[in-house]
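First up is the structure itself, then whatever we jot down about it.
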Amino acid sequence: MGRLIAFIILLIPGVMAAYGIKLMRDTLFSKLLEPYPALWMQFTLGTLFTVIGIGFFAGFLLNRDRKKGNVSERFQKR
């Protein structure tokens, strides 16, 4: 049950990052989607979603590897 919850927790930022990439791609092809009033706003939100999604996933992996001791001395907590 714990692994399923962890999978769902990681799935949400992954979907958010994928949606952010889709927003940026649609902006590059000048396709404005419905809830966004301007292309620049659509691209900015896409970038924000992508950074937050990938950042959460990377932080989760770093935290897990710190617990297992699989990171170099540079990334160890002091």
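Here the closest heavy-atom approach between residue Thr50 and residue Gly46 is recorded as OG1-O, 2.8 Å. Heavy atoms only, all atoms of each residue included: Val71 and Asp65 are closest at CG1-CB, 3.6 Å. For the pair Ala17 and Gly53, the tightest heavy-atom approach, listed with the atom from each and the gap, is CB-CA, 4.1 Å.
Linking ILVMFWY side-chain heavy atoms closer than 4.5 Å, directly or via other members, places Leu45 and Ile52 in a single hydrophobic cluster. Cluster annotation: Leu48 and Leu39 are assigned to the same hydrophobic cluster (Ile/Leu/Val/Met/Phe/Trp/Tyr, side-chain heavy-atom contacts under 4.5 Å, transitive). When the side chains of ILVMFWY residues are joined at heavy-atom separations under 4.5 Å, either directly or via intervening members, Leu33 and Met16 end up in a single hydrophobic cluster. At a threshold of 4.5 Å between side-chain heavy atoms, the hydrophobic network of Ile, Leu, Val, Met, Phe, Trp and Tyr places Val51 and Tyr19 in two separate groups. The hydrophobic clustering, which links ILVMFWY residues whose side-chain heavy atoms are closer than 4.5 Å, places Ile21 and Phe43 together.
With values rounded to the nearest 0.5 angstrom, Leu61 atom CG is found 11.5 Å from Asn70 atom CG. To the nearest 0.5 Å, the span separating CG on Leu10 from CZ on Phe60 amounts to 4.5 Å. The distance from atom CE of Met24 to atom OG1 of Thr44, rounded to the nearest 0.5 Å, is 10.5 Å.
Between the side chain of Arg66 and the backbone N or O of Phe75, at least one donor-acceptor pair lies under 3.5 Å. For Gln42 (side chain) and Leu32 (main-chain N/O), no donor-acceptor pair under 3.5 Å exists by modelled atom type.
With a 6.0 Å radius and a threshold of 12 heavy atoms from other residues, nucleotides or ligands, Phe57 has its CZ atom at or below the threshold. Residue Lys22 qualifies as enclosed at atom NZ: its count of foreign heavy atoms under 6.0 Å is above 12.
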Checklist entry - What's the verdict on side-chain contact (heavy atoms from CB on, under 4.5 Å) for Ile9 and Phe56, showing C-alpha distance, side-chain angles and the deciding distance? => result CA-CA 10 Å; Ile9 289 172; Phe56 183 86; 4.0 Å; yes
